[in-house]
Each structure stands twice: as structure tokens, then as C-alpha cells.
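Okay, structure first, notes after.
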Amino acid sequence: MNYDVNIKGSGKNIKESGNYWNRACECMPRNELKKLQLERLQVVVRRVYETVPFYRRAFDEKGVKPDDIRSLDDLRRLPFTTKQDLRDNYPFGLFARPQSDIVRVHASSGTTGKPIVVGYTRNDIASWAELTARALVSAGATRDDVVHVAYGYGLFTGGLGLHYGAELLGATTIPMSGGNTKRQVMLMKDLGSTILACTPSYALYIAEVMEEMGVRREELALKAGIFGAEPWSDKMRAEIEQKLGIMALDIYGLSEVIGPGVACECPEKNGLHVNEDHFIPEIIDPETGENLPPGQQGELVFTTITKEGIPVIRYRTRDISALYDEPCPCGRTHVRMARIMGRTDDMLIIRGVNVFPSQIESALLEVGQTEPHYLLVVDRKDKLDELEVWVEVSEAVIFDQVKRLEALEAAIRENIETTLGISVKVKLVEPKTIQRSEGKAKRIIDRREL
Ligand code: DLL
């Protein structure tokens with residue numbers, strides 16, 4: 001597919017560089033899209049007001065009624081929904097449909113306490129499959145592809161989310177789930193997998209295991225991958241692309257909103273298109289709750305406008321990003337969100353200074369000669385916080401002279417200290433010593449007892 005489209009409002013012809021699953025929706029002129037969003041928003045606001053006591057109470061407290069939503073700007077008059085609200089209403093309190101309409105339940109991957117439970121109607125499952133199909137097609141997948149799904153299956157939304165999209169597309173779908181990595185490599189090779197779907201850290205681990213098994217990337221038929229569920233960087237992208245010989249694209253989502261497919265990258269690799277016919281994104285200042293203009297960094301907030309089982313109104317994701325409304329050369333008209341820069345609750349406070357793992361990752365990236373595997377170990381000694389950054393060096397570096405290693409350690413330390421403005425310790429560790437994950441990577445060990 002390669003035709004010119006005129007994006008209304010942009011005043012210029014834009015060459016489409018990608019493929020679409022649903023061109024009418026993905027490239028909908030913005031004025032039409034806004035009209036559709038408003039219609040859908042009005043319906044969902046009325047529905048939650050009428051069926052979910054939590055929303056009725058929250059709207060009443062703010063003095064806003066469904067009839068007050070006359071424009072998209074009126075969305076700002078509605079209250080936010082938080083993770084705590086979902087917890088307080090565990091398990092089904094925010095469902096907008098009776099249980100007989102719910103055909104599937106998923107739950108978030110929280111480590112402590114009760115998870116967050118979400119429910120899908122048959123229509124929700126259908127729209128979700130459409131969204132992950134869009135992501136797969138954006139990465140170049142067709143019905144002739146073999147999609148290897150190595151996200152976890154089960155209550156986590158990754159596995160089944162991608163699975164349904166791949167089947168809808170008509171691709172041959174391999175429901176591998178995570179783990180047993182040697183077997184994954186063997187099957188990828190034997191079954192001719194062409195598209196890999198897993199977390200970016202697991203993709204790197206698969207590449208490592210391939211190397212150990214003596215399997216060269218040329219022996220696989222892989223051509224692209226869609227990676228998400230955890231933060232990653234352009235350095236990791238370059239590494240995955242090089243080691244697996246593929247194009248690596250980012251896919252974003254969260255259980256509370258639907259799962260993977262809320263937003264996905266196009267081959268331009270310059271931000272993730274938010275599926276705006278299903279979700280309205282906003283960026284707010286996490287402190288004040290005020291809306292921030294395009295381009296400014298803040299907390300992502302989503303309102304679901306098609307979901308039936310458990311719609312969410314202005315859900316605060318705690319993810320930090322920014323929205324860009326400039327037209328994209330791929331032809332999609334949906335706004336792009338920047339790759340997730342961190343989470344408001346991933347933020348470490350070290351001696352009073354806010355530290356995001358992503359800041360450390362980019363400081364490491366600038367210095368180079370290290371692998372994208374690192375661990376932040378926080379401890380408290382004599383009432384003082386200490387941050388130690390463990391970072392794996394590459395094979396080539398480990399055999400260097402001690403002096404060279406010390407110089408590298410110092411360079412990394414200085415770079416992180418300039419970025420963060422606090423002192424840190426750096427520990428270079430040998431390749432493959434930091435534990436690999438089959439799902440979301442664990443980057444922080446906080447040993448402080450508060
Ligand atoms: O991680 C859904 C998902 C599965 C997305 C597979 C992409 C691929 P949860 O377990 O509810 O859902 O976790 C959601 O993970 O709020 C982000 O903090 C993080 N996250 C998800 N995708 C990305 C991404 C799934 N592409 C939480 N980049 C979100 C960075 C991501 N962080």
C-alpha cells in the first residue's frame with residue numbers, strides 16, 4: 001500500500017509509509033475524529049453515571065451532570081479515576097455491565113495486595129483484538145505471517161491481547177507465553193516465526209540464549225517485533241534490531257484501560273499513535289491535575305470511549321509521557337505519545353532528589369560500552385540514602401586492563417552525577433550477572449526500611 005493522502009488541516013500531502021489494518025479509522029480526518037470522540041464520550045459518561053454508583057457519586061461531588069458534556073473540552077470538568085478507586089471497588093464495583101455480559105476477566109500484575117480486576121464484554125474483546133491487529137499490521141504483519149506471542153498468558157493482558165489480534169489478522173498464531181527460552185528459540189526456528197511479541201527485556205534475553213545455543217539470526221525468519229509492557233530505550237531498540245535482525249516497534253497499554261494496543265508505534269519510530277477512536281488521552285501536571293499543552297511532559301490520563309465492561313473516566317496512569325499533534329508522515333492522524341519516560345510512582349527519592357530509572361539509563365547510554373542491563377540498588381546507611389548502580393559491561397570491555405575499567409566506571413559515575421545532581425556508586429558487573437526476566441524487567445531493589 002502506498003498512496004498519497006491529504007490530511008485535513010495539515011495543508012499538505014503526506015506520503016503513507018506504513019500499512020493499516022483499518023485505514024478509515026486510523027487515518028480519519030481530525031475534525032471527523034473529534035466529532036466521533038464527542039459522541040462516544042457523551043454516551044459513555046451517561047452510561048457510567050446511570051450504572052456505576054462510584055461515578056454518580058464522583059460526578060455529583062464535582063457538580064457535573066452528563067448533560068454538561070457538550071464539547072471535548074468539557075472532559076476537563078469530570079473527576080479523575082485512580083488506581084486506588086479501582087482497589088476500593090475490588091473486584092467488580094466499577095463494572096458497568098452485569099456479570100452475564102462479561103465474557104473475560106484479566107487482572108493487573110501488582111506484586112502486593114489485591115490485584116485490579118477488569119472485565120470485558122464480547123464487544124470489548126472484539127475492539128481489543130482490532131487494536132492489537134492494528135499494531136501488528138503497523139509492524140508489517142499480514143495473514144501470511146507467523147506471530148510468536150511470548151508475552152505471558154493468563155491474567156496478564158499481554159499474551160491473550162496480542163493473540164486475539166494476530167488471529168483476527170489471520171496470521172498463524174503461536175501461543176508460546178514466556179519462559180523455557182531454549183524451546184522458544186527452537187520453535188521460532190522450526191515454525192518459521194516472523195513476528196515476535198514480548199517484553200523488550202525478554203527479546204534481549206532470547207537473543208542471548210540464541211547466541212549460547214549457536215543459533216544465528218539468519219537461521220530465523222523473524223522480520224519484526226512489537227515490544228512493550230515496560231519502559232525501554234532507543235539503545236535497547238538498536239540492540240534488539242541488530243541482534244535479531246528485525247524492526248522493533250513499541251506497543252503500550254495497561255490493564256485498566258484495555259491492555260496492549262492503547263497506543264502503538266508506526267515504522268516512523270517517532271512516538272506511539274494513541275488509538276483515539278477508542279481512547280481520549282490527556283497530559284496533566286501530576287501535582288496540580290491541570291491539563292498541559294502538546295509537547296509538555298506530564299502524567300498520561302485516558303478516558304475509554306468504547307469500552308463496555310469497565311469504562312474508565314480520566315484514568316490517571318502514573319506514566320510520564322507527552323502528546324504530539326503534528327501530522328505523522330505515516331498518514332495516521334491519531335496523536336502520538338512519547339515513549340514512556342517513567343512512572344510517577346517509579347520515582348525514587350534519594351536524599352530528597354527525584355530520580356527516575358530512565359534518567360540513569362540515558363546517562364549510561366551516553367557513555368556506552370555497557371549492556372542495557374542495569375539494576376538500581378538503594379540502601380540507607382547511617383540515615384543516609386545510597387544509590388548504587390550495577391551495570392553490565394560488554395564482553396569486549398571485561399577483558400580490558402583494570403585501569404581502563406576504572407576509567408569507565410568513573411566516566412559512568414560522573415555522567416550520572418551530572419544528570420541527577422547527587423552522588424552515586426557505580427559497580428561494573430560481568431556480562432549476564434544481572435538476573436534476566438521473562439516478563440517485565442525488575443530494575444530497582446530498594447533495601448531501605450522506612
Ligand atoms: O503491561 C499491558 C501490555 C502488555 C502492554 C503487552 C504492552 C504489551 P499492565 O500489566 O497493566 O499492562 O501494566 C501497565 O506497564 O502503566 C506502564 O507503566 C507499563 N507499560 C506498558 N507498556 C509500556 C511501554 C501491560 N510500551 C503498565 N513502554 C503501564 C513503557 C509500558 N511502559
Side-chain angles (χ1 to χ4, degrees), residues 81-83 86-87 105-111 115-118 120 128-129 131-136 138-139 147-166 176-178 195-203 225-234 236-237 240 248-266 269 271-275 279 281 286 299-302 304 310 312 315-322 336-347 356-358 361 372 437-444:
T81 310
T82 64
K83 211 181 210 26
L86 275 113
R87 288 219 169 93
V105 157
H106 279 284
S108 73
S109 49
T111 43
I116 277 161
V117 175
V118 291
Y120 302 73
W128 188 19
L131 299 178
T132 53
R134 285 184 193 178
L136 286 160
S138 170
V147 179
H148 186 101
V149 184
Y151 284 114
Y153 278 65
L155 287 175
F156 177 56
T157 52
L160 285 167
L162 266 303
H163 183 103
Y164 272 59
M176 275 304 301
S177 199
I195 308 277
L196 174 62
C198 63
T199 59
S201 55
Y202 194 48
I226 47 175
F227 305 114
E230 64 182 10
W232 55 311
S233 58
D234 270 331
M236 274 177 84
R237 184 197 320 259
I240 294 171
L249 297 186
D250 198 353
I251 177 165
Y252 168 84
L254 60 167
S255 325
E256 298 90 319
V257 173
I258 204 162
V262 173
C264 52
E265 264 185 335
C266 64
K269 297 182 184 165
L272 297 87
H273 290 280
V274 177
N275 281 300
F279 315 105
E299 182 180 343
L300 254 179
V301 170
F302 287 105
T304 63
I310 174 168
V312 286
Y315 184 70
R316 291 187 63 160
T317 63
R318 304 186 188 183
D319 289 323
I320 299 163
S321 182
R336 282 170 288 171
M337 57 177 254
R339 155 201 291 299
I340 299 291
M341 297 149 186
R343 288 178 57 82
T344 54
D345 52 1
D346 241 11
M347 188 178 77
F356 289 100
S358 58
E361 189 167 323
S437 89
E438 288 160 1
K440 300 186 190 234
K442 189 168 166 49
R443 305 263 191 219
I444 302 170

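We count ligands from 1, going down the list as the structure has it; atoms in each ligand are counted the same way.
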Output the list of atoms in ligand 1 that are nearer than 4.0 Å to some heavy atom of G158, sorted by atom number. 4 (C), 6 (C)
What about F227: any of its N or O atoms under 3.5 Å from an N or O on ligand 1? no
Which is closest to atom 22 (N) of ligand 1 by heavy-atom distance: A107, S255, A229, G261? A229
Among the heavy atoms of K440, does any lie under 4.0 Å from an atom of ligand 1? yes
Close-contact set for ligand 1 against D319 heavy atoms, below 4.0 Å: 16 (O), 17 (C), 18 (O), 29 (C)
Any idea which of L254, T157, V149, L272 brings a heavy atom closest to atom 14 (C) of ligand 1? L254
So the atoms of ligand 1 within less than 4.0 Å of a heavy atom of G253 turn out to be 2 (C), 5 (C), 12 (O), 14 (C), 21 (C), 22 (N), 25 (C), 29 (C)
Ring pair (Phe, Tyr, Trp, His ring centres under 6.0 Å) partners of W232, counting only residues at least two apart: F227
Using distance alone, decide if ligand 1 has a nitrogen or oxygen within less than 3.5 Å of any nitrogen or oxygen in R343. yes
Take H106 and Y120 through the test side-chain hydrogen bond (donor to acceptor under 3.5 Å, both in side chains) and record every step on the way to the result. CA-CA 8 Å; H106 279 284; Y120 302 73; 5.0 Å; no
Counting only N and O atoms by type, is there a donor-acceptor contact under 3.5 Å from the side chain of E299 to the main-chain atoms of R318? yes
Only heavy atoms count here, so choose which of D250, V257, V118 is nearest to atom 26 (N) of ligand 1. D250
With heavy-atom distances below 4.5 Å as the criterion, would you say the side chains of N275 and V262 are in contact? no
If every non-hydrogen atom of P281 is compared with every non-hydrogen atom of F279, which pair is closest and at what distance? CD-O, 3.5 Å
In ligand 1, the atoms that come under 4.0 Å of a heavy atom of I251 are 7 (C), 22 (N), 24 (C), 26 (N)
Validation row: D250, K269 side chains within 4.5 angstrom (heavy atoms): no
Scan side-chain atoms only and decide if Y315 and E256 contain a donor-acceptor pair under the 3.5 Å cut-off. yes
